[in-house]
*Asks:* 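Here it is, the structure in full.
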Amino acid sequence: MAFVLAVTGSAVGLGNIWKFPYVTGQYGGAAFVLVYLACIVLIGLPVMMSEILMGRRGRRNPVATMALLGAEEGKSMNWSWLGAMGVIAGVLILSYYSVYGGYSVAYVVKILSGVFSDARAADVIAVRDSFEGSWVLVGLFHTIFMGVSIFVVARGVEGGLERAVRFMVPGLLLLLIILLGYSMNTGYFGAGMAFMFTPDFSKLTWEAVLAAMGQAFFTLSIGMGAVMAYGAYLPEETSITTSAAAVAIADTTIAITAGLVIFPLVFANGLNIDAGPSLVFITLPLAFGQMTGGTVFGTLFFVLLSFAAWTSAISLLEPAVAWVVEKYNRSRAEAAVLIGVAIWAIGLGTVLSFNVLKDVRFLRGTLYDNLDFLTINVMLPLSGLFIAIFAGWVMCRNSTAEELGGAGTSYRLWRVLVRYAAPIGILFVFLKAVGLLELS
Ligand code: PHE
């Protein structure tokens, strides 16, 4: 139970409430959502199970685990680079994740101040613009968020994390349901439903499919060694299949509910569906501003969102810290501060890309856009691909069957998915999206 809670804490975060709605908006809705759901079930879940079982077998940080497992299977210890790639992806993701974690903390303060009471869309957008335009403010909240995350990881993650997750996930769901009630009364609930569930596949590009796959990895926290690092603490007798399924269900429920809350609000207020990263920081304050009791619910909501982001951030920090502790024999506190400050510094790039460096654009756009694309659409799919290859082809049947509790039906299904569906699917989508594969 503790493990399921910790992994749920890692999985449920900004990915569900901030990122899922905004990428769904950018990539056109229902077709994207369906591909995303298919990716969760067919690729995400089997890869997640693989990552957990590898972590439990290795019982070390991801880099050392991969070297150990490679050796144990009589293959190369050089598989450690896969662990390293995960750790690096985690570091880069946390650098901007922390900036948005800071946003949710800042919005607690803003809601409390009452600026959103009875605000119109234009007012809410102005509040967002003035916040985003100030590198001092965005940087300040990024610093607070990162500081608190470093503090927890430095002290060791156990006790508090579990307690946080126990009230956070049900709390978030409850508040989302209250918001759902509000959305249903806007008169645009049908439009929101249609946007999310009536697919038009003709508009689906390969890049959108790749983004849906990346989002599936991101939201389940896989491909970064986070789940692997937590798997290292998992007792032998716990079922990996059941735990992974429980996490995936909780995570998906929250994301879909968030979408159902947000899209009706977008339509009802004539907002831009592809507003990008700050979409929820416009729609939700608007709703809270108009609701009775909005200040209370709104404060509660952003507090819970900050907590959710925080439990995810901790799990993003953990693999790199575990690696420094084990490899360089540092204390946890030292390692957490060292890595944390480095990540904070990288994050300043994202902070500045919203204001001072807003017009510095290359490749995919701003610095943040590039980091986002590199991590979500390149690093995560690649590391997911190699995790699947490792669990499905490098590890022998006996090793994986032992971890997954025998060779029953669910084991066989997992093995087919992880050997064929996941690697072929990931590779195909990846090559299509980057234009290396042309089929007529
Ligand atoms: N899954 C988290 C979210 O959806 C983000 C995360 C990714 C956390 C990877 C840990 C590792 O917000």
Side-chain angles (χ1 to χ4, degrees), residues 3-24 36 39-40 44-45 47-48 51-52 55 61-62 83 85-104 145-146 149 152-153 157 161 164-165 168-169 172-173 176 211-231 244 247-259 277 280 304-323 339 343 371-372 374-377 379-381 383-384 387:
F3 174 79
V4 174
L5 285 174
V7 178
T8 308
S10 169
V12 174
L14 296 173
N16 309 63
I17 288 163
W18 157 71
K19 187 141 202 162
F20 173 73
Y22 102 69
V23 279
T24 301
Y36 163 81
C39 287
I40 294 271
L45 199 53
V47 170
M48 186 180 208
E51 226 189 290
I52 300 174
N61 72 73
M85 182 158 103
V87 171
I88 295 170
V91 163
L92 291 178
I93 289 178
L94 183 53
S95 80
Y96 61 77
Y97 198 85
S98 165
V99 177
Y100 284 102
Y103 265 63
S104 42
F145 186 85
M146 200 64 218
S149 306
V152 177
V153 174
V157 281
L161 188 66
V165 178
M168 186 189 81
V169 174
L172 264 182
L173 200 59
L176 280 173
M213 200 165 77
Q215 172 63 16
F217 283 114
F218 179 72
T219 194
L220 292 179
S221 300
I222 49 186
M224 282 147 284
V227 172
M228 200 184 282
Y230 279 6
V247 173
I249 290 172
D251 187 79
T252 309
T253 309
I254 299 233
I256 297 289
T257 316
V280 289
L304 285 170
L305 184 60
S306 305
F307 264 108
W310 190 36
T311 54
S312 299
I314 290 168
S315 74
L316 278 163
L317 194 51
E318 177 66 20
V321 170
W323 175 70
I339 301 274
I343 294 175
L371 260 183
D372 176 44
L374 173 71
T375 49
I376 308 285
N377 291 13
M379 296 179 86
L380 294 193
S383 91
I387 288 170

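Both ligands and their constituent atoms are indexed starting at 1 by order of listing.
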*Asks:* Non-hydrogen atoms closer than 4.0 Å to ligand 1: which protein residues do they belong to? List them by chain and number, please.
*Replies:*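 Residue list for ligand 1: Ser10, Ala11, Gly13, Leu14, Gly15, Asn16, Tyr97, Phe218, Thr219, Ser221, Met224, Ala226, Ser312, Ser315, Leu316.
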*Asks:* Any side-chain heavy atom of Leu94 within less than 4.5 Å of one from Met146?
*Replies:*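 When only atoms from C-beta onward are counted, Met146 and Leu94 do touch, with a gap below 4.5 Å.
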*Asks:* Name all residues meeting the ring pair (Phe, Tyr, Trp, His ring centres under 6.0 Å) criterion together with Trp18; count only those two or more places apart in sequence or in a different chain, and write none if there are none.
*Replies:*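 Partners of Trp18 under the ring pair (Phe, Tyr, Trp, His ring centres under 6.0 Å) test: Tyr22, Tyr100.
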*Asks:* Ignoring hydrogens and angles, state whether a donor on the side chain of Thr375 or Tyr96 is under 3.5 Å from an acceptor on the partner side chain.
*Replies:*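 A donor-acceptor contact under 3.5 Å links the two side chains.
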*Asks:* Using modelled atom types and a 3.5 Å cut-off, is there a donor and acceptor pairing between side-chain atoms of Glu51 and backbone atoms of Gly223?
*Replies:*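 A pair under 3.5 Å: yes.
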*Asks:* Is the side chain of Thr252 donor-acceptor paired with the backbone N or O of Ala248 at a distance under 3.5 Å, no angle test?
*Replies:*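 Yes; judged by distance alone, with no hydrogens or angles, the pair exists.
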*Asks:* Hey, which of Ile52, Leu220, Val247 is the one that makes side chain to side chain contact (heavy atoms under 4.5 Å, CB included) with Val7?
*Replies:*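 So, applying the side chain to side chain contact (heavy atoms under 4.5 Å, CB included) to Val7 and each of Ile52, Leu220, Val247, only Val247 qualifies.
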